[in-house]
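Everything on this sheet refers to the single structure shown next.
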Amino acid sequence: MKRYNPKEIEKKWQKLWEENGFYKAVDFDKKPKYYTLFEFPYPSGDGLHVGHARPYTAMDAYARSKRMQGYNVLFPIGWDAFGLPTENYAIANKIHPRVATERNVKNFKRQMKMLGLSLDWSREVNTTDPKYYKWTQWIFLQLYKAGLAYRAEISINWCPKCKVGLANEEVVNGKHERCGTPVEKKVKKQWLFAITKYADRLLKDLDTVDYPERVRNSQINWIGRSEGALIKFPISPPKADRPRADNFQFSKEVEVFTTRADTLFGVTFIVVSPELAKQWIDLGWKAPKEVSVYIKKAIDKSELERQENKEKTGVDSGIVAIHPLSKKEIPVWVADYVLAGYGTGAVMGVPAHDERDFEFATKFKLPIIEVVSQDGKVHSFKKAYEGDGVMVNSEGFNGLKSKEGGEKIIKELEKLKVGKSSVNYKLRDWVFSRQHYWGEPIPIIYCKKCGEVAVDEKDLPVLLPDVKHYEPTDTGESPLADIKEWVNVKCPKCDEPAKRETDTMPNWAGSNWYYLAYLMQGISNFQFPISKYKEVFKYWMPIDLYDGGMEHTTLHLLYSRFIYKFLYDKGFVPTAEPYAIRRSHGVVLAEDGRKMSKSYKNVITPDDVVDEFGADTLRLYEMFMAPFDQMVPWSSRSVIGVHRFLDRLWKFYNGKINEGKNEELENGFKKLISKITEDLNSLKFNTAVAAFMEFSNKMIKAKTISKNVLENYLKLFAPFAPHITEELWQKLGHKESINLQNWPKAGEVAKETEITLVVQINGRVRDTIKVKVGISQNEAEKFAMNSEKIKKYLGSQKPKKVIFTGKLINLVV
RNA sequence: GGGCAGGUGGCGGAAUGGCAGACGCGCUGGACUCAAAAUCCAGUGAGAGUAAUCUCGUGAGGGUUCAACUCCCUCCCUGCCCACCA
């Protein structure tokens, strides 16, 4: 008998499958479509490790099973290749990023083919391909024309090491998530996408898609919708007994956002962010010395410093505002616990009912007035009471419940035209400029006469020029700024000399729409307009199952939903949401329980495992090791288990088989079909593999086995271990590939004639008796009472109550 | 501080109201072998007992139920994500 030698068989079948084009999806095919997708990889210099292979192999099993079930399956692949890691890698290794990308892609491709993935390679895309980024730029222009891409001078997060502006999402604990360098502030003119205009829909439409709870919640939390009111506090001329604000003409009022209008009468101070105070200074406010010093210091603080020091600081600005209802004078303070980017950048201080305000008031000895009573008692003010209650000390609103009172106060403010109800979001507009070489050029030209001018669609793509030096510059300008012949162009409008935008797009740009690029077959030949693809988009979209990592929940997953919605509004795509079902796979840790990392030297690559055991073993172990969505450490030891299983299966199919009837096995196999089908549908790959093992143990022990079971077991198992099953399938005498077989049907499970009746006394199992199916409670009770064991237990006692379920009888004494 | 996911043998895990520990790793014993590896067979939650068997057992405590890993309440612990968001 030939030994099970994966090296020999795997390459052979991979070649045959590819040559026959089994995995090419057909546009507009009559079969029902199924679009299944995993996040396209970033082709890094390190290649794949076994963590990447987890979703790839599992989703492959899924795609293969769907094909056998009669679907027209699209399972595509591409490369998200722009961005910093490649640029850094290229700089470190002194090669061009394009060359590095080519090399890395080649390696990734080799590794993925080695795994026997049933990908449609004919639709492969690469975000750094000019034919691809032409469209990325085109989308930018559509957003620009719609007023959703705009330039603004803003304080951005700046990584001094990478010399690049960062989006909020890329700053983690005040550090650049990629390199760990503390982030600094820098004021620069940047491109922004108005994702906040879509905040409400991004939130609401979560109800129309099937995402894991934790993903859904993260997005809801990130968007951070809150309902409240905007309230204006007029600024009053300075009074003699307060430090003079020499000039109060810079603004008529301070506007605040609050979710607790019911606490309005509890306002004892107003706090504005240092950034807002700075704006006032710019508008002509002559702030007292210590105030302007505080403002400057606060603004210069890095993100990290602001987060580290939670002790409240602040300074009395000397400005006085008037309470819109009580007409009391309210002092205005400046403090850095107020965030410039949220709401109006100013808050009303209600120390009795907000912990932060309470802390601030305590520190600076500001008055505290209770206006919401929890139980009729006056509070001692050891801490703020933030819950609802009955309003007190609130003039005409006393006695009302918080919710009702808040609404009434807003109505009153609206009548007086000093306030209105309002909705606020935590979500910020998306900073879309990067000062780097390895990204899509932003298709904008600056003309002295005409200003900002969009590159004409027919002139796309704006090619990324070849340069010798692509290192980031210390000035914070893109390396592209140095390339005179590229930067200097003629204005498309007036033909006068003009300059190109030298910033590039962030690495999220290409992944915004790659799932559409897969549908634009032969992307290189396609021309504008995009409406040409409407039909093919309509056929394939939305994506039926999208797998990806948790780390993209508030990045790629949110960004791409926004872009897709925009394209929907423009009528280019057929649905409001791109992903019908989203699932997230768990991270694979190294054997030592830490993250797999080159620096820990604990990385296991698929190459190692395939070399020793073959691709089918790797595939099965990836699926077997734990529930798909759960984090799990790799275990080299346990890989052997699945290899032994395949080895036994190989020996069994190659050995002497006694063909013949075996009802028990036949029946068990029908159950297996249902089990595997269900487990695949709910992505329970681990229990599916266990069921295959269990059944194969039964087959091997069986005295006889029918051809039906023998053959269909292979079909059922083919999506999981495609190579060995193909080999054994052909060994059974079949000429046609197992890929082309239909999914086995479970059919009716033959009725069992005998079952094991479980007999319990007071809920504890005391005996099991073989009985005929469908016996009555009386019969079951007789059987139970006749059991020696039960007699022994019961002694002279008689059951008070008997519970019978058909399979179980419980005697209560 | 908020949100989410968890806590079951030596390990990864299975069972979502009805025989806890499927499947696999590891371990123990045996067969084969000069020997080892591989393979095959048997065993493997803990405690007691020569044994049949008994008692205990799913983070802790309480509750619902004939019956709870599973449902409810209180608490502890771990991991992940978010966090001065007014």
Side-chain angles (χ1 to χ4, degrees), chain A residues 3 172-173 212-218 220-226 228-229 256-260 263 270-271 273 306-307 309-312 335-350 353-357 359-360 386 424-428 550-551 553-554 586-587 593 620-621 624-627 629-645 647-648 651 684 686-697 700 756-768 789 792 799-813:
Chain A
R3 253 183 67 235
V172 175
N173 292 329
E213 210 40 35
R214 53 185 171 154
V215 172
R216 204 181 117 87
N217 282 326
S218 290
I220 290 172
N221 195 278
W222 193 262
I223 294 166
R225 182 182 201 271
S226 47
V256 302
F257 173 75
T258 180
T259 54
R260 291 295 300 272
T263 65
I270 281 176
V271 200
S273 65
R306 262 204 186 193
Q307 277 175 18
N309 188 8
K310 298 243 163 143
E311 168 103 12
K312 298 270 178 296
D336 69 358
Y337 81 89
V338 177
L339 305 175
Y342 185 78
T344 59
V347 302
M348 57 185 215
V350 186
H353 305 291
D354 182 283
E355 271 182 45
R356 296 152 304 181
D357 296 343
E359 207 187 306
F360 192 76
E386 297 193 329
N424 238 294
Y425 299 93
K426 284 193 213 171
L427 188 69
R428 301 269 69 86
M550 275 306 288
E551 70 274 19
T553 298
T554 51
V587 175
L620 278 187
Y621 183 63
F624 181 63
M625 57 186 169
D629 58 358
Q630 191 177 303
M631 193 186 272
V632 64
W634 185 261
S635 165
S636 301
R637 201 59 246 184
S638 300
V639 177
I640 291 166
V642 284
H643 188 252
R644 282 184 190 146
F645 157 55
D647 201 38
R648 276 197 295 271
K651 282 182 187 150
K684 286 159 86 175
N686 57 328
T687 50
V689 175
F692 278 119
M693 289 175 169
E694 204 174 351
F695 194 80
S696 101
N697 290 341
I700 291 166
T756 307
L757 179 74
V758 176
V759 186
Q760 297 182 332
I761 295 176
N762 291 340
R764 313 210 55 150
V765 179
R766 293 308 181 189
D767 199 7
T768 54
K789 286 180 186 169
K792 206 177 99 192
K800 272 189 285 190
K801 197 173 167 186
V802 178
I803 280 100
F804 178 67
T805 66
K807 284 191 294 189
L808 178 142
I809 184 161
N810 190 11
L811 310 172
V812 186
V813 297

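Predicted model, so just to flag it, every value in this text is computed and none were measured. Computed from heavy atoms alone, side chains included, the values below leave out hydrogens, waters and symmetry copies. We name chains A, B, ... by the order of the sequence lines, and we start the count at 1 in each one.
Atom CD1 of I803(A) is separated from atom P of rG17(B) by 18 Å (rounded to the nearest Å).
Where M631(A) and S638(A) meet RNA chain B, the nucleotide closest to each residue was compared, and M631(A) sits on the side nearer the 5' end.
For the pair K312(A) and F360(A), the cation-pi test (distance below 6.0 Å, angle within 45°) is failed.
Under 3.5 Å, the side chain of K312(A) and the base of rC84(B) form at least one donor-acceptor pair of N or O atoms.
Checking rA22(B), rC66(B), rU39(B) against the side-chain heavy atoms of A690(A) singles out rA22(B) as nearest. Of the candidate nucleotides rA86(B), rC40(B), rC4(B), rC40(B) has the atom lying nearest to any side-chain atom of R648(A). Picking from rC19(B), rC84(B), rG3(B) the nucleotide with the shortest atom distance to the side chain of N217(A) gives rG3(B). Closest to the T768(A) side chain, of the nucleotides rC19(B), rC66(B), rC25(B), is rC19(B). Taking every side-chain heavy atom of N810(A) into account, rC66(B) is the closest of rC66(B), rA86(B), rA20(B). Distance from the side chain of A626(A) is smallest to rG13(B) among rG13(B), rC82(B), rC19(B).
Glycosidic conformation of rG9(B): syn, with the torsion inside 90° of 0.
A sub-4.0 Å separation between OP1 or OP2 of rG18(B) and a side-chain N or O of K807(A) is absent.
Across all strands shown, F624(A) has heavy atoms under 4.0 Å from base atoms, whether or not it also approaches the sugar-phosphate. Residue contacts for T553(A): at a heavy-atom cut-off of 4.0 Å it reaches no nucleic acid atom on any strand shown. Here Q630(A) lies in heavy-atom contact (under 4.0 Å) with sugar-phosphate atoms only. At the heavy-atom level, D629(A) lies nowhere under 4.0 Å from the strands shown.
Atom C1' of rC11(B) sits at a distance of 34 Å from the matching atom of rG63(B), rounded to the whole Å. With both ends at atom C1', the span from rU70(B) to rA51(B) equals 36 Å, rounded to whole Å.
Taking every heavy atom of both residues into account, L339(A) and S273(A) meet most closely at C-CB, 4.1 Å.
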